[in-house]
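Following: one structure in structure tokens, then a few remarks.
Sequence lines set the chain letters: A, B, ... in the order given, protein chains first and strands last, and positions in each chain run from 1.
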There are 2 protein chains.
Amino acid sequence: MPAPERTSLEAIVSAARALLEAEGLAGVTMQAVADRVGVRAPSLYKRVRNRDELIGLVVESTMRDLGDAVDAAADGEPRGALARAARAVRAFAHERPAGFRLVFAPGHDVVLDPDVLGRSSVTVLRLAAELAGDAHALDAARTITAWVNGFVGMELAGAFRLGGDVDEAFEYGLDRVVAAIVDG
Amino acid sequence: MPAPERTSLEAIVSAARALLEAEGLAGVTMQAVADRVGVRAPSLYKRVRNRDELIGLVVESTMRDLGDAVDAAADGEPRGALARAARAVRAFAHERPAGFRLVFAPGHDVVLDPDVLGRSSVTVLRLAAELAGDAHALDAARTITAWVNGFVGMELAGAFRLGGDVDEAFEYGLDRVVAAIVDG
DNA sequence: ACCTGAACACCGTTCAAGT
DNA sequence: ACCTGAACACCGTTCAAGT
């Protein structure tokens with residue numbers, strides 16, 4: 001009648017994230033996750049409804065980390081803070097490319113937790129308001145966010161093959177886009 | 001000894017694209033594709049090495065269509081042409097969201113045909129050169145492309161839930177980003 | 001209360017056998 | 001030369017049976 005817990009939801013999500021980076025989304029198999037946490041595959045269904053839910057939890061925890069990284073980078077005067085936040089997003093994407101892609105380009109629709117989504121937007125929204133004014137804060141935040149995500153997404157997809165310095169292209173675009181929303 | 005061909009590569013790719021939009025990437029099954037073209041699954045392997053190659057062909061043909069749509073929209077004076085091209089990308093993404101996502105956010109790396117990739121960049125690069133000058137043409141093209149892809153990608157991912165008019169946000173960002181690369 | 005082996009449906013892929 | 005049924009390995013998921 002006892003019932004020793006041999007794993008935890010946290011360990012399962014953590015194993016799935018490690019597998020995602022190491023083997024890609026296709027490598028995040030219930031069996032592979034189970035192996036990593038030292039349990040048989042059917043046992044995972046005690047903590048997780050199915051694989052889709054597990055992937056959703058990976059997305060959520062990745063978003064949380066990204067939000068933390070942005071928040072940590074975004075201090076100081078608003079213009080510099082926004083630039084540092086943008087570079088933090090790019091650095092995060094380089095460190096965990098599979099996770100970043102999964103968050104911003106879900107194959108089938110993921111259940112985004114509104115709380116997590118909202119929290120990660122707050123910092124950018126505040127900076128945008130300071131730079132573009134309250135009336136255009138949301139539009140300005142969307143513009144800079146779209147540009148950063150688009151740039152990094154294309155970079156990860158290998159879409160920049162016409163040569164040129166990609167680091168320089170990022171700084172060029174960052175400078176232009178931030179300037180564009182400032183004199184709003 | 002004869003050998004009646006009961007399908008073709010074109011029909012197979014076309015069936016895969018229809019399935020992609022109707023059922024999502026997971027619905028693009030070798031069996032489902034085979035059913036649509038009126039053949040058994042093993043027969044597909046006469047025209048296609050495996051499922052990954054088939055998905056790659058879907059990406060390629062989708063990119064070709066997108067390039068055609070951009071080219072068709074991008075006439076007239078450069079600034080208006082660039083804006084129309086950007087709206088054409090967004091319209092294409094709304095018509096074929098699954099295809100668009102697959103192109104710009106491949107789960108595992110897709111074999112991008114450099115020819116197709118290059119051709120679709122040429123128009124934007126030309127317009128960028130006219131607006132930003134030859135020295136910054138590539139950076140400017142990357143900036144506008146990144147913003148459009150990022151905006152549309154976030155829109156498709158359902159990342160715009162803080163309210164506000166998304167159409168207006170697009171026009172706001174488009175205006176700002178185009179202006180930002182012009183006075184370069 | 002959690003864990004497991006066995007089982008099922010489904011999928012990608014191969015291959016020998018048909019025409 | 002293309003098509004097919006049969007077969008294999010693998011995966012997600014369920015469930016009755018263990019402790």
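Atom pair A/R47:CZ and C/dA1:P shows a separation of 13 Å (rounding to whole Å applied). Rounding to whole angstrom units, NZ of residue A/K46 and P of D/dA17 are separated by 15 Å. Counting to the nearest Å, the P atom of C/dG5 and the CZ atom of A/R40 are 4 Å from each other.
The strand DNA chain D forms stems, runs of 3 or more Watson-Crick or G-U wobble pairs with distances below 3.5 Å, at C:4-8 with D:12-16, C:12-16 with D:4-8.
A distance-only check finds a donor-acceptor pair linking the side chain of A/R47 to the backbone of A/T7 [under 3.5 Å].
Pairs passing the side-chain hydrogen bond (donor to acceptor under 3.5 Å, both in side chains) check and including a residue from residues 11-25 of chain A, sequence neighbours excluded, read A/R17-A/S61, A/R17-A/D65.
Screening A/N149, A/L156, A/D167, A/L174 for a side-chain contact (heavy atoms from CB on, under 4.5 Å) with A/R90, the sole residue that qualifies is A/D167.
Aromatic rings from A/F151 and A/F160 are positioned such that their centres are separated by under 6.0 Å.
Scanning residues 7-20 of chain A for heavy-atom distances under 4.0 Å to DNA chain C yields A/T7.
Judged as a ring-ring contact (aromatic ring centres under 6.0 Å, His included), and not counting sequence neighbours, the contacts of B/F100 are B/F104. With sequence neighbours excluded, the residues satisfying side chain to side chain contact (heavy atoms under 4.5 Å, CB included) with A/A16 are A/V28, A/V33, A/L54, A/V58.
Using a 4.5 Å heavy-atom threshold, the side chains of A/M30 and A/Y45 count as touching. By the 4.5 Å heavy-atom criterion applied to side chains, B/V177 and A/W147 are not counted as neighbours.
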Between N or O atoms, less than 3.5 Å apart, protein on one side and nucleotides 10-14 of chain D on the other: list the pairs.
unit_1	atom_1	unit_2	atom_2	d
D/dG12	OP1	A/R51	NE	3.2
D/dG12	OP2	A/M30	N	2.9
D/dT13	OP2	A/Y45	OH	3.0
D/dT13	OP2	A/R51	N	2.8
D/dT13	O5'	A/Y45	OH	3.4

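What you find for B/A69 and B/F92 is that their closest heavy atoms are CB-CD1, 4.5 Å. Residues B/A140 and B/A132 approach most closely at CB-CB, 3.7 Å, considering heavy atoms.
Open room surrounds CD on A/E10; 12 or fewer heavy atoms of other groups in view lie less than 6.0 Å from it.
Distances shorter than 4.0 Å separate none of the side-chain N or O atoms of B/S43 from OP1 or OP2 on D/dC2.
Distances were taken from every side-chain heavy atom of B/E5 (C-beta onward) to each of D/dC2, D/dC3, D/dG5; the shortest belongs to D/dC2.
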